[in-house]
Amino acid sequence: MVHWTAEEKQLITSVWSKVNVEECGAEALARLLIVYPWTQRFFDNFGNLSSPTAIVGNPKVRAHGKKVLTSFGEGVKNLDNIKATYAKLSELHCEKLHVDPENFRLLGDILIIVLAAHFTKDFTPACQATWQKLVGVVAHALAYKYH
Amino acid sequence: MVLSASDKTNVKSVFSKAGSQVDDLLGEALERMFTTYPQTKTYFPHFDLHHGSAQIKAHGKKVGAALVEACNHIDDIAGALSKLSDLHAQKLRVDPVNFKLLGQCFLVVVAIHFPSVLTPEVHASLDKFLCAVSAVLTAKYR
């Protein structure tokens with residue numbers, strides 16, 4: 001089980017309380033598809049992903065980004081039980097979606113940068129360290145049921 | 001992985017905007033790297049790694065200068081960083097995985113100080129550039 005200090009929990013919940021899940025999720029997913037274009041392989045049915053502008057404006061990208069970050073919020077609400085929180089999603093990503101877990105790490109890193117741009121100086125080194133730990137833990141949980 | 005013409009323009013715009021702040025940006029990136037990825041401290045047992053350390057500042061300046069050099073010779077990064085490449089292969093031997101970690105922290109610092117500059121397109125270009133620099137620095141490892 002992951003150990004979180006009181007300070008880490010505080011840093012996580014206080015940042016999360018100020019996150020606009022829809023905007024942040026949309027931006028994170030769009031950047032993932034733009035910065036690491038090979039990740040587009042999972043989204044053949046999303047329509048126009050032909051340029052950064054197309055990706056940013058794509059309604060399916062926005063919707064899916066919101067969905068993904070909403071799910072991330074479940075982990076934030078259950079910090080002491082993250083593996084259990086994502087057990088079913090892990091199976092889904094392995095058996096149905098066939099997503100290489102490396103993609104969870106890529107999205108996690110992108111999310112950090114989106115948060116940094118949003119919170120600027122308030123995204124202190126301690127904040128960054130805590131959130132990098134969190135995205136790593138979520139990525140690990142999503143990969144945990146892979147077989 | 002190849003840097004397109006627009007990648008090169010994007011990268012140059014970042015360093016142009018950063019100007020003389022590059023030293024401070026890299027100092028901050030290094031500090032964040034040590035905090036976020038403590039294993040990276042193992043390469044600096046001889047450093048004072050406290051916040052504001054003069055050694056970190058000085059090292060930030062060195063790394064920043066190298067990135068600026070690479071940016072100014074973006075058509076031949078391998079040539080521009082050849083000596084640094086030798087140094088990393090023969091003496092420093094920093095495990096390749098760590099360049100990604102510093103790269104991530106540099107992107108975070110750019111996002112913090114220049115959020116409007118780091119559009120998705122510029123983000124992509126800068127990430128590619130940092131990968132290219134890392135590839136050059138580890139090219140002679142074996």
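Each chain gets a letter, A, B and so on, in the order its sequence line appears, and its residues count up from 1. Reckoned from all heavy atoms, side chains included, excluding hydrogens, waters and symmetry mates.
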Can you get from [X] to [Y] by hopping between Ile, Leu, Val, Met, Phe, Trp and Tyr side chains that sit under 4.5 Å apart?
| X | Y | value |
| --- | --- | --- |
| B:V133 | B:Y43 | yes |
| B:I112 | B:V63 | yes |
| A:L11 | A:L79 | no |
| B:F99 | B:V97 | no |

Exercise for review: Using a 4.5 Å cut-off on heavy atoms from C-beta on, say whether the side chain of A:I110 contacts that of B:H123.
Suggested key: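 Sidechains of A:I110 and B:H123: in contact.
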**Study point:** Contact check, side chains of A:I112 and B:L107, non-hydrogen atoms, under 4.5 Å
**Key:**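 No; the side chains remain at least 4.5 Å from each other.
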Review point. Atom NZ in B:K100, atom CG in A:D109: separation rounded to 0.5 Å?
Key: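 Between B:K100 NZ and A:D109 CG, I get 9.5 Å after rounding to 0.5 Å.
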Contacting region of [X] [heavy-atom separation from chain A under 4.5 Å]:
| X | answer |
| --- | --- |
| B:H51 | neither |
| B:Y37 | side chain |
| B:S125 | neither |

Practice item. Could you tell me which residues in residues 121-147 of chain A have at least one non-hydrogen atom under 4.5 Å from a non-hydrogen atom of chain B, sorted by residue number? Key: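 Counting heavy atoms that sit under 4.5 Å from chain B, the residues of residues 121-147 of chain A involved are A:K121, A:F123, A:T124, A:P125, A:Q128, A:A129, A:Q132.
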Practice item. Report, by ascending residue number, the residues of residues 28-43 of chain A in heavy-atom contact with chain B at a distance under 4.5 Å; give 'none' if the set is empty. Key: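 So far as heavy atoms go, A:R31, A:I34, A:V35, A:Y36 are the residues that approach chain B to under 4.5 Å.
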Check your understanding: For B:K140, does the NZ atom have more than 12 heavy-atom neighbours from other residues, nucleotides or ligands under 6.0 Å away?
Key ->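 Result for NZ/B:K140: enclosed.
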